[in-house]
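One structure is given here, and the rest of the page talks about it.
As a basis for the values below, the full set of heavy atoms in this structure was taken, side chains included, without hydrogen atoms, waters or symmetry mates. Every chain is numbered from 1 and lettered A, B, ... according to where its sequence line falls, protein lines coming before strand lines.
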There are 2 protein chains.
Amino acid sequence: MIRIRMHVEGPPMSRVPTSKDVARVAGVSQPTVSRALAGHPQVSPATRDRVRKVAEELGYVPLESGRALRRGRTRRIAVVASPDDLLDPCQPQLVVPLHQALTAAGYRTTLLAEAADTAVLAQVTDGSVDGVVLAAHSGSTVPRRLAASGVPHVLVNRLAPADGHPSCGADHRQGAAEIASVVAGLGHTEVALVLGPRRMRTSLDREAGFRGVLAGVRAVRTRVLRGGYDHATGVAAAQALLGAARRPTAILCASDTIALGVLHEARMRGVDVPGEVTVTGYDDVPMAGLEPYALTTVRHDPGRMAAEAVRLLLAQIGTDAPAAPESVVLPADVVLRGTHGPPRA
Amino acid sequence: MIRIRMHVEGPPMSRVPTSKDVARVAGVSQPTVSRALAGHPQVSPATRDRVRKVAEELGYVPLESGRALRRGRTRRIAVVASPDDLLDPCQPQLVVPLHQALTAAGYRTTLLAEAADTAVLAQVTDGSVDGVVLAAHSGSTVPRRLAASGVPHVLVNRLAPADGHPSCGADHRQGAAEIASVVAGLGHTEVALVLGPRRMRTSLDREAGFRGVLAGVRAVRTRVLRGGYDHATGVAAAQALLGAARRPTAILCASDTIALGVLHEARMRGVDVPGEVTVTGYDDVPMAGLEPYALTTVRHDPGRMAAEAVRLLLAQIGTDAPAAPESVVLPADVVLRGTHGPPRA
DNA sequence: TTGTAAGCGTTATCAT
DNA sequence: ATGATAACGCTTACAA
């Protein structure tokens, strides 16, 4: 590691200008500065222009803390993600579309990805944010306590828990059930599930969907492997499954990244997909649709989910009356591509 | 899409408590509440405990706007990323390690990923953040204007531009030069470069490193393809290159995701790697090291880069004297795995 | 050890 | 159309 130090001469370093400074220079009262810059219609065009010019020259920007204190709102929203979600770089991110939707609505984004509930709670109940988007897998007390504190919030990527929190999610249980039906309908009887971590609600939902269907089909034998939502899990699972004495004829994965890992390991071993084994994913990440994979999977729409969540959140903030909490359930649809087929006769 | 509305009865909805409320209930003056909760040693244990108990009961949390206004600091740092970086989910992210480093240091993270310089500037010069981490590819005016406003900042993932901004980056030019030397040393003469977008500084650095070496080797013919930093670019590039009349014997990619795309297309076509063609990546993303790829690439350390950047930033904030801006250059090292070899005789 | 007073910079109310 | 005044909630200096 190389360190470089550069010499700079001390700058004049004057104080950061306030509206008072602008007022003095422009020859008006301080509140007039505020009104002029806020574009109040009652300010005469002449003074408005003069004030704006002076503000520009001095490089004046209204201090956010002052505004927030006075107004009681910050136009800032916290996005609470779990550290895990953030770390896994190859799953459909919610944080980015959430940030975009918030930015579009004129809100700033404060990112929170801490483990401790209390740390999170302290940072969203101190008036520093106008609302909270909970994208974390918290089966935690945070939503309850937010409601108690009267902080507007929305749960995202979670089905309506019916306990009074607004939420937006995709019906992963149904999506998983659908693709399991497709696979079962093809006649597969030796089926393997490769699932994500138990603490993630989305993984549990998908598992429930898979199992709900497969348990109802006579003669289907199901085995289950568990790991992360990641590629390495898929590779490891495929090594175990494809090397086993009784190979499964279909491998249903809880995420596309897992499925891609399975696919790659299958190709490494010269196992034909879908000739010898059917592989399905979940999420429809961009890579899944590309030529070399053509993964059969389940599509949902994180962008739309984010937009709906933001809509639900802002609806609470706009009105003082906390209208009945609304929940939005988005569909999850099977996308048939090239990695499924009937079991080898 | 299904919408669900739930009925809730209007809660009592009392005002959010302030230190004044706590003071009244605890029977002390309002500043004593502040001192008690801040843990000032002069407060008697008895009143400290009483105040804390009341605060707890009322659910009092000091309002952040009030603190910030009074103290002149927010303990908040803005991370400015480019929307592109955020959107591409499969490249080594800086945002996550930056967030972690900031959290560890007791700072909150405000995420900014807007296109317009003016929008960014407005949000970081209004006193809402104590400092700025610039992770964006901005060849923009933002750093200059931040310096002019006296806002502490640090450039990250960029080599020291020697114009007085503290910065932290990896020497991608050197890393690229090194891997190009390896490939040239193997005797390759038909070399293709698959690069990222021109507007990204990291891509330009890597290009310069590649070209600097290859131009100096007699008899090397270089062709260049350009696209995004993503998988699809690699797939498309490989289609073009491997289908060409005169195939390259080595393909140097500006990112691992590109290289993985190339690898997959090569396997689809039954082109042996590294027997028929050498493929190298850049970044050493987790997937690159996995068995089925074993990609020869260049490693650098985004986590360490983030940590160093945060260190440099906080150093400016702690001290009033703006010490000489320091820059840190981290190494980028070749990782030899299984996708390189001599050209086929 | 604790209370009183002041002030951070802004916006809103009320005069004029 | 604009100025004077107040208040948002907090921390600090000073007084007691």
Between which nucleotides of DNA chain D, read 5' to 3', does contact with chain A run, using atoms under 4.0 Å from its heavy atoms?
D/dA1 to D/dG9

Any donor-acceptor N/O pair, [X] side chain to [Y] backbone, under 3.5 Å:
X: B/His153; Y: B/Val151; result: yes
X: B/Arg48; Y: B/Ala46; result: no
X: B/His99; Y: B/Thr109; result: no
X: B/Arg52; Y: B/Ala36; result: yes
X: B/Arg50; Y: B/Ala26; result: yes
X: A/Asp126; Y: B/Glu64; result: no
X: A/Ser128; Y: A/Gln123; result: yes

Answer with base, sugar-phosphate or nothing: what part of the nucleic acid does [X] contact at a heavy-atom distance below 4.0 Å?
X: B/Ser29; answer: base
X: A/Ser65; answer: nothing
X: B/Leu63; answer: sugar-phosphate

Enter the inter-axis angle for the ends of the helix from C/dT1-D/dA16 to C/dT16-D/dA1 (five pairs per end, rounded to 10°).
40°

Rounded to whole angstrom units, what separation is found between the [atom1] atom of [X] and the [atom2] atom of [N]?
X: A/Glu64; N: C/dC8; atom1: CD; atom2: C1'; value: 14 Å
X: A/Leu37; N: C/dG9; atom1: CG; atom2: C1'; value: 13 Å
X: A/Asp21; N: C/dT10; atom1: CG; atom2: C1'; value: 14 Å

When rounded to the nearest 0.5 Å, the distance separating OG1 of B/Thr103 from CD1 of B/Ile77 is 11.0 Å

Nucleic acid footprint by protein, nucleotides 11-16 of chain C - heavy-atom cut-off 4.0 Å, B for base, S for sugar-phosphate alone
BBB---

Run the numbers on B/Glu114 and A/Arg108 for salt bridge (Lys or Arg N to Asp or Glu O under 4.0 Å), then give the verdict.
CA-CA 11 Å; B/Glu114 304 205 44; A/Arg108 309 186 190 192; over 6 Å; no

Shortest non-hydrogen contact from B/Val129 toward B/Thr74:
CA-OG1, 3.5 Å

Is there a salt bridge (Lys or Arg N to Asp or Glu O under 4.0 Å) between A/Lys53 and A/Glu56 once you walk through the steps?
CA-CA 5 Å; A/Lys53 186 155 151 280; A/Glu56 171 86 10; over 6 Å; no

